[in-house]
Amino acid sequence: MMLLTIRRARQKSRTLKNTHLLYLFYSTNTPPIATTKAIPAYPFVSSNVLSTSRIDELHPKDVVLSFNEWFMSRKNPGFDRIFEILRTQDDITADIAISRFNLRLSEMLVLDVINYEKNKDVLSCLKFFDWAGRQPGFHHTRATFNAIFKILSKAKLMSLMVEFLDKYMKQRYFHKARFYNTLVIGYAVAGKPELALQLFGRMRFQGVDLDAFAYNVLLNALLEDGFYDGFEMVLKQIKFRGFEDAITHAIFVKSLCQQTELDRAEEYLRGLLRIGGVGLSGIVVANLVDALCKNKEFTRAASLVQDFRESGLVPMEQAYSVWIKDLTQAGELSEAVEFLKGKNLVDGYVPDVFRYNSLVCRLLRENRLEEVYDLLMDMKEQDILPDDVTMNVTLCFFCKVGMADVALELYDSRAEFGLSVSSMTYNYLINTLLGDASVDEAYLVLKNAIQQGFFPGRTFSIIADALCREGKLDRVKELVLASLDRNRMPSDSMYNKFISALCRANRVEDGYLVHGELSRLDKVTSRSTYFDLISGFNKSSRGDIAARLLIGMQEKGHSPDRRLYRAVICCLCQMEDPEKLFYSLLEVQLSRHEPSCFVYNYFIDGAGHAGKPEMARDVYEIMTRNGITPNLQSDILMLQSYLKAGKIADALNYFRDLSNRRNLGRKLWNTMIVGLCKANKPDNAWNMFWEMRSTHLRPRMECYEELVKLLCARRDYYKAICLVEDLMQVGRRVSSVIGNVLLLHSLQTQRVFSAWMHSRDLRNTKDQSLALGNLIKTFSGGSNLDSDISQIEELIRQCFPLDIYTCNLLLRKLSISEMDLACNYFERLCKKGYEPNRWTYDILVHGFIKYGRPSEARRWMDEMFSKGFDLTEATKAFV
């Protein structure tokens with residue numbers, strides 16, 4: 001019902017594809033066959049094809065109704081009820097229920113019933129056969145026994161068949177001759193010719209003989225299993241008793257064909273023809289035709305068919321069927337189709353459903369859709385009862401011609417006419433729906449397919465990906481769990497994507513559930529998916545599960561990095577009883593690794609980021625107690641843990657203590673200076689910076705940047721300029737970060753330029769920073785840009801690398817005086833490849849509002865919002 005509702009909602013907007021093929025399809029008669037090549041080697045093939053009229057238009061509902069009627073013609077409600085009882089009830093209850101039908105048992109009725117479900121429910125067929133044999137007044141015949149033996153043999157239930165025969169040996173239903181005949185036939189069909197021979201010997205000893213039919217079945221079984229000595233012996237017995245008939249001739253020719261004595265086989269067959277066709281049958285001709293085709297002697301086989309047809313002495317239906325089959329298997333599809341049409345017109349030959357199906361399947365595979373349509377129409381007109389293969393091919397055909405709605409209507413009715421959908425049909429139907437962007441319909445079909453035991457791996461991944469993109473994760477979860485329940489595994493990439501999608505949607509518990517199911521089936525979740533799961537549980541403050549996952553990923557061979565350890569440890573430190581959880585995880589990690597610094601360092605780092613310097617120091621001391629000397633990274637992390645927690649005195653004391661234990665290198669000095677800056681301690685950072693410079697070490701650029709930013713934020717521009725001068729004196733270029741900070745503050749106050757002028761007066765040396773000073777002067781005091789903007793950009797490049805932040809500063813400077821110039825500059829930036837960001841748009845919006853141009857401000861806001869940006873708080877207040 002859900003599938004039908006979705007489909008109806010989409011039908012109005014869906015257009016039919018492949019108009020030409022649909023035009024061909026909407027007809028009542030059989031259209032002509034399109035052939036692709038002449039066949040001079042087969043002179044008996046008629047060039048005539050059926051000619052029909054076409055109906056210009058027919059509604060798809062009429063097509064559905066027509067095929068529904070055809071498919072329903074194969075159903076027998078009474079037989080359906082019998083098999084439902086056999087499938088769902090125990091033996092005693094089923095016996096009573098079937099007896100109430102008051103069936104008039106006959107050989108024909110039993111054959112009809114057991115053949116009705118022979119391809120789907122063999123066990124129920126056997127149960128009915130057994131039930132019929134126990135009914136008063138009915139005795140199984142050779143035909144019914146042979147039929148059940150063939151069904152069991154085709155289903156490869158040989159052990160069940162042998163068990164049945166052994167049971168039958170203990171029940172002497174019939175007189176001795178029929179009893180032995182049945183057993184010999186049964187063991188022969190079951191692939192036990194040696195047992196059949198033993199029984200044959202036993203019955204001969206008791207003075208009982210086989211009938212002609214049983215002799216032939218035994219002879220064929222010996223040939224099939226390669227018992228050539230036994231074959232010759234039984235053949236002599238047949239001839240001696242005068243039982244030799246058309247079936248015997250067919251088996252003998254088959255033996256010659258198996259031994260590749262094709263010339264002898266043909267001579268034997270033509271000899272029978274010369275004496276008036278005595279002993280000839282369609283099957284004997286079919287055997288030789290099949291052997292010639294398998295030997296790639298198609299012209300010779302065609303000549304044989306032609307000669308025997310012209311003789312008029314042999315029914316040719318079986319030979320025709322074999323010829324069509326072999327042409328089809330050889331890929332000669334045009335010849336097979338044209339032969340079928342010609343023989344239908346001339347001889348009235350109608351193939352069985354199996355021959356039609358094999359030809360239709362090959363044509364469908366090669367996209368010869370008009371010919372597929374023709375054959376389906378032929379089958380309907382000839383009143384051939386469709387089987388599962390026919391119905392599946394029909395659904396695939398509708399998918400290929402773009403009539404997915406018709407295919408879905410027939411698919412929805414599958415239970416009414418007992419259709420078992422094949423994997424090929426599921427693939428066609430699902431892929432057609434996906435191509436039509438009908439993801440919901442494809443999902444419902446796939447869900448049903450999985451419930452039926454079919455699992456399309458690649459298609460599963462495509463649908464799951466599409467559902468994930470649409471945020472329909474509950475449906476993906478249903479598909480995954482349904483697959484796992486049936487021990488069918490999605491691809492590794494698919495279920496990892498699904499778990500990650502659940503985590504991103506804040507459904508980490510569901511992701512963990514899927515992960516647990518996969519672990520139960522010994523599937524290894526990917527490293528990135530473990531990261532997503534752990535991150536999800538960290539966000540939900542479930543550090544205990546995150547820690548469990550961290551350990552689990554290591555057991556699966558994945559290595560977590562420092563950031564993951566840090567995130568898990570930070571989460572643990574926010575939970576109740578953090579020390580217990582923290583040290584438990586540390587203990588597990590130490591047990592998993594050889595003694596070294598790196599595990600301890602991860603925990604020092606994590607505790608430091610969690611604001612737990614005392615725990616970090618405890619880990620540091622545990623490391624030393626365990627005989628491991630802390631490395632430089634250990635000291636840096638320990639120092640950072642004090643600084644991050646604002647324990648400045650402890651950090652300074654620790655730093656001084658380090659100076660007594662090791663040579664303070666550049667990394668430790670840089671860590672201390674940057675940490676003090678981030679802790680908002682400008683005086684300590686300033687003193688530490690110059691103390692480092694006194695050791696003739698050069699601080700990293702990050703030290704200059706952080707300290708300049710902090711000093712400018714404190715309006716201590718003179719010290720900031722001194723740091724910049726020191727940077728240039730050691731031969732290093734000003735970074736974009738420092739340059740942008742100076743220009744930003746220059747826009748806000750002239751004190752930056754005053755500080756620069758004061759530092760210049762004190763130097764008494766040639767000014768090495770004239771370009772930077774001129775740039776600061778240009779940006780100071782809110783004055784207009786007197787020079788061309790290109791010259792300003794070139795001046796900036798002389799001082800530091802220009803980036804989008806710098807461009808925004810220039811844009812802001814222009815917007816102070818002239819918005820049109822600012823807009824022109826914006827266009828210029830875009831042409832030069834710069835990507836405008838939130839602040840770029842905000843500057844323009846703010847400027848237009850300030851100058852009383854609201855319509856233009858609105859236009860820029862609309863463009864800004866379309867890019868996913870929002871106004872800054874300052875501009876929102878201004879609006």
With a 6.0 Å cut-off (strictly less than), is the heavy-atom count around [atom1] of [X], excluding the residue itself, greater than 12?
X: Lys681; atom1: NZ; value: no
X: Arg715; atom1: CZ; value: yes
X: Arg812; atom1: CZ; value: no
X: Lys556; atom1: NZ; value: yes
X: Lys539; atom1: NZ; value: no
X: Lys647; atom1: NZ; value: no

Looking only at non-hydrogen atoms, find the nearest pair between [X] and [Y] and report the distance.
X: Ala464; Y: Val476; result: O-CG2, 3.9 Å
X: Cys703; Y: Asn670; result: SG-OD1, 3.0 Å
X: Ala607; Y: Ala616; result: CB-N, 3.7 Å
X: Val734; Y: Pro801; result: O-CD, 3.9 Å
X: Ser526; Y: Thr529; result: OG-OG1, 2.7 Å

Mutual orientation of the aromatic rings belonging to [X] and [Y] [parallel < 30°, tilted 30-60°, perpendicular > 60°]:
X: Trp669; Y: Phe655; value: perpendicular
X: Tyr620; Y: Tyr654; value: perpendicular
X: Trp690; Y: Trp686; value: perpendicular

Whether Thr425 side chain and Val421 backbone form a donor-acceptor pair below 3.5 Å | no
Checking Thr875 side chain against Thr872 main chain: does a donor-acceptor pair fall under 3.5 Å?
-> no
So, do [X] and [Y] sit near enough that their side-chain heavy atoms are less than 4.5 Å apart?
X: Leu742; Y: Cys712; answer: yes
X: Ile796; Y: Phe800; answer: yes
X: Tyr717; Y: Trp756; answer: no
X: Glu835; Y: Ile804; answer: no
X: Tyr443; Y: Asp440; answer: no
X: Leu723; Y: Leu727; answer: no
X: Met623; Y: Val619; answer: no
X: Cys468; Y: Lys497; answer: no

Kindly say whether the aromatic ring centers of [X] and [Y] come within a distance under 6.0 Å.
X: Phe865; Y: Tyr841; answer: no
X: Phe826; Y: Trp860; answer: yes
X: Tyr602; Y: Phe598; answer: yes

With rounding to the nearest 0.5 angstrom, report the [atom1] to [atom2] distance, [X] to [Y].
X: Met864; Y: Leu871; atom1: CE; atom2: CG; answer: 4.5 Å
X: Leu710; Y: Ile673; atom1: CG; atom2: CD1; answer: 12.5 Å
X: Ser634; Y: Ile628; atom1: OG; atom2: CD1; answer: 9.5 Å
X: Tyr530; Y: Ser500; atom1: OH; atom2: OG; answer: 12.5 Å
X: Asn684; Y: Leu652; atom1: CG; atom2: CG; answer: 6.0 Å
X: Arg700; Y: Arg732; atom1: CZ; atom2: CZ; answer: 10.0 Å

Could you walk me through whether Met553 and Leu564 pass the side-chain contact (heavy atoms from CB on, under 4.5 Å) check?
-> CA-CA 11 Å; Met553 73 179 291; Leu564 196 63; 3.6 Å; yes
Go through the steps to decide whether Asn837 and Thr840 satisfy the test side chain to side chain donor-acceptor pair (under 3.5 Å), and finish with yes or no.
-> CA-CA 5 Å; Asn837 57 22; Thr840 314; 2.8 Å; yes
Would you check, one step at a time, whether the test salt bridge (Lys or Arg N to Asp or Glu O under 4.0 Å) holds for Lys477 with Asp510?
-> CA-CA 8 Å; Lys477 180 182 175 183; Asp510 288 335; 3.1 Å; yes
Thinking salt bridges, do [X] and [Y] make one under a 4.0 Å N-O criterion?
X: Arg527; Y: Asp532; result: no
X: Arg838; Y: Asp870; result: no
X: Asp474; Y: Lys472; result: no
X: Glu621; Y: Arg617; result: yes
X: Glu478; Y: Lys447; result: yes

Can you tell which of Ile776, Val708, Asn740, Val752 makes a side-chain contact (heavy atoms from CB on, under 4.5 Å) with His745?
-> Val752
Among pairs that include at least one residue of residues 460-482, which meet ring-ring contact (aromatic ring centres under 6.0 Å, His included), considering only residues two or more places apart or in two chains?
-> Phe455-Phe460
